[in-house]
Amino acid sequence: MKADTSGPVKSETAALQAVSRPTVGAIVAGIAVVVVLGALTRYFDTHVPRWAADAPFERVAKSVEFPVYAIAIGLLGNVILTKLALRDRLSAGFRTEFFIKTGVVLLGASINLKILVTAAGPSILQALLLITAVFGFTWWLGGRLGLDDKLRALLASAVSICGVSAAIAAAGAVQAKREQIAYAASLVIIFALPSIFVLPWLAEALGLSDAVAGAWIGGNIDTTAAVAASGAIAGEKALQIASIVKTTQNALIGIVAIALTAYFTLKVERTAGAVRPSARQFWERFPKFVLGFVAASVIGTLYLQSVDKKVGAAHIAVINDLRTWFLILAFVSIGLEFSLRGLREAGWRPIVVFGSAVVVNLAVGLGLSVLLFRNFTL
């Protein structure tokens with residue numbers, strides 16, 4: 001019996017198969033568009049704070065991160081290319097996953113495992129407890145509201161670990177759709193922006209010590225750049241603790257990716273009576289860029305131990321700048337690929353789940369920060 005192909009294409013794979021294969025020229029042109037818009041993003045990211053110097057909104061301008069500019073510029077490019085009937089032709093060059101996976105691997109180079117092992121005992125304990133509690137709550141509430149399991153995994157990873165980077169790692173593990181990645185990334189940025197200012201203000205209002213404030217900021221704000229901005233507002237000592245706590249959470253991306261791969265392979269997508277998946281099937285599904293993240297962390301740690309501190313810091317700064325470029329290209333691509341269809345399909349429930357998880361994250365994070373860091377000194 002011949003399959004019915006008259007209905008709408010339901011899967012991303014089927015959609016890709018339904019269109020003609022992109023030409024090399026179209027791919028190159030698409031990548032060129034991303035690079036040009038990425039350069040424009042970097043320009044605004046660098047110059048807007050200068051333009052806003054001594055203006056009433058100077059602090060806001062300094063705290064707005066490159067993902068905001070990148071997604072906004074990508075969305076504008078999306079609209080223009082759609083009006084010109086070029087978006088679909090160039091879409092093969094919007095390599096979101098490649099850009100952001102490369103950025104995540106480069107992120108590993110800035111994570112010094114030695115610091116985590118020798119100086120971040122409370123941070124490791126806080127990260128483990130906070131991730132477990134918040135991930136579990138988000139997964140549970142998403143299930144109660146009937147969210148798709150893949151979207152649940154993305155939202156739970158993003159809010160409990162480190163935002164978009166964790167969502168991408170989770171997406172690789174559960175094979176999520178691009179629309180779901182874009183949705184998760186948008187929610188991370190929307191909720192992270194006000195947190196930059198709200199958390200330092202609350203920390204001061206509650207009379208928290210620098211260490212407790214830093215641990216709270218580092219454990220709750222979902223992007224590393226936003227943590228740095230918020231920590232700087234709270235003070236230098238708070239910034240140091242916030243950076244260590246966030247770095248500890250970042251280092252746990254690989255563990256969560258492994259766990260999600262196993263869960264989806266062995267339970268979510270395994271039909272009743274099916275043969276238990278083999279180790280090879282598990283390996284084929286595993287997001288291997290996570291191994292690059294771990295390898296970069298190990299290499300970076302060993303390298304910093306073998307060179308002069310200033311030299312090592314300068315080289316890591318170059319890698320971090322390269323990482324920023326790849327993440328800019330990734331966020332631009334997210335904006336270019338964004339589709340309202342994904343939002344319409346998901347509805348209001350993901351927003352409720354993510355917002356509720358942020359509140360739980362704040363409450364649990366504050367409790368753990370007070371418990372573990374109240375007597376901590378730098």
message: Quick one, L362 with L199, criterion side-chain contact (heavy atoms from CB on, under 4.5 Å). Give me CA distance, side-chain angles, the key distance, then yes/no.
response: CA-CA 9 Å; L362 286 170; L199 262 65; 3.7 Å; yes
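- Using a 4.5 Å cut-off on side-chain heavy atoms (C-beta onward), R95 and I27 make contact.
- Side-chain heavy atoms closer than 4.5 Å link hydrophobic residues (I, L, V, M, F, W, Y) into clusters, and following such links, possibly through other members, connects F191 to W348.
- Contact of the F354 side chain with the T138 side chain is not registered, since no non-hydrogen atoms from C-beta on lie closer than 4.5 Å.
- Atom CG of N320 and atom OG1 of T324 lie 6.5 Å apart (nearest 0.5 Å).
- Once rounded to the nearest 0.5 Å, the distance linking CG of L327 with CG of L106 reads 8.0 Å.
- Distance alone, capped at 3.5 Å, is enough to place a donor-acceptor pair between the R152 side chain and the W139 backbone.
- When each of V358, V159, N361, V245 is checked for a side-chain contact (heavy atoms from CB on, under 4.5 Å) with N220, only N361 meets the rule.
- Counting only heavy atoms from C-beta outward, the side chains of P350 and Y183 approach each other to under 4.5 Å.
- One distance of note links CD1 of I328 with CD1 of I71; it measures 12.0 Å at 0.5 Å rounding.
- Using a distance-only test at 3.5 Å, with no hydrogens or angles considered, no donor-acceptor pair links the side chain of S157 to the main chain of L154.
- Residue S160 holds its OG atom at 5.5 Å from CD1 of I131, rounded to the nearest 0.5 Å.
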CA sep, side-chain torsions, deciding dist, call: W216, V370, side-chain contact (heavy atoms from CB on, under 4.5 Å): CA-CA 8 Å; W216 193 30; V370 172; over 6 Å; no
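- Proximity of F94 to L329: side-chain heavy atoms (C-beta onward) are nowhere separated by under 4.5 Å.
- R374 contributes a side-chain N or O that, together with a main-chain N or O of L371, makes up a donor-acceptor pair within less than 3.5 Å.
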query: Could you go step by step and tell me if V353 and L145 meet the side-chain contact (heavy atoms from CB on, under 4.5 Å) rule?
result: CA-CA 8 Å; V353 171; L145 293 181; 3.6 Å; yes
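- Of all non-hydrogen atoms in V34 and S333, the two that sit nearest each other are CG1-OG, 3.6 Å.
- The CG atom of L40 sits 11.5 Å away from the OH atom of Y69 when rounded to the nearest 0.5 Å.
- Using a 30° and 60° split on the angle between ring planes, F326 and F98 fall in the perpendicular class, above 60°.
- Hydrophobic cluster membership differs between I299 and V311, with clusters built from Ile, Leu, Val, Met, Phe, Trp and Tyr side chains linked at under 4.5 angstrom.
- The aromatic rings of W140 and F137 sit tilted relative to each other, their planes meeting at an angle between 30° and 60°.
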message: Would V364 and L129 count as a side-chain contact (heavy atoms from CB on, under 4.5 Å) here? Give the steps.
response: CA-CA 9 Å; V364 175; L129 293 175; over 6 Å; no
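- Of all heavy-atom pairs spanning F135 and L260, the tightest one is CZ-CD2, 3.8 Å.
- Linking Ile, Leu, Val, Met, Phe, Trp and Tyr whenever their side-chain heavy atoms come within less than 4.5 Å leaves L336 and V28 in two separate clusters.
- Contact between R349 and G146 at its shortest, heavy atoms only, is NH1-O, 3.5 Å.
- Looking at every heavy atom in both residues, A109 comes nearest to I316 through O-CD1, 3.5 Å.
- Atom-to-atom distance recorded for T102:OG1 and L322:CG is 9.0 Å, nearest 0.5 angstrom.
- By the rule that hydrophobic residues join a cluster once side-chain heavy atoms approach within less than 4.5 Å of another member, V33 and V36 end up as members of separate clusters.
- D45 and T41 share no donor-acceptor pair across their side chains, judged by distance under 3.5 Å alone.
- In R89, the CZ atom is not crowded: 12 or fewer heavy atoms of neighbouring residues, nucleotides or ligands sit closer than 6.0 Å.
- Contact of the Q126 side chain with the S369 side chain is registered, since non-hydrogen atoms from C-beta on lie closer than 4.5 Å.
- Under the 4.5 Å side-chain heavy-atom criterion for ILVMFWY residues, a single connected hydrophobic cluster contains both L84 and V332.
- Between N78 and T82, the shortest heavy-atom distance links the atoms O-OG1, 2.7 Å.
- Considering every non-hydrogen atom in both F331 and A70, the closest pair reads CB-CB, 3.5 Å.
- Looking at heavy atoms from C-beta onward, R87 lies out of side-chain contact with V79 at the 4.5 angstrom threshold.
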